[in-house]
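To start, the structure under review is shown below, and the notes come after it.
Everything numeric here is computed off the predicted structure, so don't read it as measured data. Counting begins at 1 with the first residue of the sequence.
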Amino acid sequence: MRKKIASKLSPSPSCASTSFVFKWNNVSPNKVNCFIWRALQKKIPSAVALRSRGIDLTTITCGACINESECADHILLLCLFARSITDKILSWCGVQHNSFTSVGELLEYANRWGRNLKMRKRFITICHGLIWNL
């Protein structure tokens, strides 16, 4: 059912889109999996998403960095605050940081990372925790 719904939904044009296929993580709590699935669908209640739903906002600029529009990918990865935390977590994991522009790119990288399946699953779970906490 998730695949049918995902095929019908189109991501918001104001943020980067991805063709990443989300795989449910049994280690992460259901609320984290649901949040990440919604982030991939660009359905997080960011300023851009709220304005596209007809809610009148004075500004859609990110309140933390005041540089760009506040979309789901910006809040979770592109904001200077989020980027600094992501850099620290990934360096703690011993992972070379790539400049991820979307949640889908980060999760796609995590799903291809390393050769050891057990370590990859741990890294994916760490990425889920990172996204959830941001």
Side-chain angles (χ1 to χ4, degrees):
M1 184 60 127
R2 251 191 336 256
K3 288 178 185 176
K4 286 184 180 182
I5 293 171
S7 69
K8 300 294 181 197
L9 294 175
S10 60
S12 172
S14 49
C15 285
S17 63
T18 182
S19 61
F20 174 71
V21 177
F22 178 64
K23 295 177 186 170
W24 207 259
N25 184 344
N26 292 332
V27 178
S28 297
N30 285 338
K31 63 184 178 180
V32 174
N33 282 310
C34 289
F35 179 81
I36 292 171
W37 183 71
R38 290 189 70 204
L40 290 168
Q41 301 298 318
K42 313 294 186 230
K43 299 297 181 186
I44 301 298
S46 63
V48 170
L50 292 173
R51 182 172 275 180
S52 70
R53 294 179 192 158
I55 296 174
D56 187 29
L57 300 172
T58 56
T59 181
I60 58 168
T61 306
C62 175
C65 68
I66 311 170
N67 284 337
E68 297 193 28
S69 298
E70 184 187 272
C71 65
D73 288 327
H74 179 78
I75 295 168
L76 299 173
L77 289 174
L78 301 174
C79 182
L80 296 175
F81 173 74
R83 192 168 290 227
S84 67
I85 292 173
T86 303
D87 287 342
K88 289 177 183 175
I89 296 292
L90 293 179
S91 67
W92 175 74
C93 292
V95 174
Q96 290 290 341
H97 180 261
N98 295 337
S99 295
F100 302 112
T101 58
S102 70
V103 174
E105 284 182 12
L106 173 63
L107 294 177
E108 186 174 4
Y109 177 81
N111 281 322
R112 290 184 286 118
W113 179 79
R115 294 183 180 155
N116 186 329
L117 183 61
K118 207 178 227 184
M119 289 180 68
R120 183 181 307 142
K121 286 184 178 182
R122 287 182 187 148
F123 182 61
I124 291 169
T125 304
I126 289 169
C127 290
H128 280 209
L130 171 66
I131 294 167
W132 170 254
N133 283 297
L134 284 172

For residues 58-65, which side-chain donor-acceptor pairs fall under 3.5 Å, sequence neighbours excluded?
| from | atom 1 | to | atom 2 | distance (Å) |
| --- | --- | --- | --- | --- |
| T59 | OG1 | T61 | N | 3.1 |
| T59 | OG1 | T61 | OG1 | 3.0 |

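Here CG of L40 is found 10.0 Å from CG of L106. Values are rounded to the nearest 0.5 Å. In this structure, CD1 in I44 is found 11.5 Å from CD in E70, a value given to the nearest 0.5 Å. Rounding to the nearest 0.5 Å places CG of L134 at 5.0 Å from CD1 of I85. Rounded to the nearest 0.5 Å, atoms CG (L130) and CG (L90) are 6.5 Å apart.
Sorted by first then second residue, the side chain to side chain donor-acceptor pair (under 3.5 Å) pairs that include residues 123-134, not counting sequence neighbours, are N25-T125, S28-H128.
Here K42 pairs with D73 in a salt bridge; the nearest charged N to carboxylate O distance falls below 4.0 Å.
R120 is linked by a side-chain contact (heavy atoms from CB on, under 4.5 Å) to L117, I124, counting only residues two or more places apart in sequence or in another chain. With sequence neighbours left out, F100 forms a ring pair (Phe, Tyr, Trp, His ring centres under 6.0 Å) with H97, Y109. Residues satisfying the side-chain contact (heavy atoms from CB on, under 4.5 Å) test with L50, not counting sequence neighbours, are P45, R53, I55, L57.
Linking Ile, Leu, Val, Met, Phe, Trp and Tyr whenever their side-chain heavy atoms come within less than 4.5 Å leaves L80 and L77 in two separate clusters.
R38 places a side-chain N or O within 3.5 Å of a backbone atom of K43 that can act as its donor or acceptor partner.
Using a 4.5 Å heavy-atom threshold, the side chains of W92 and D87 count as separate.
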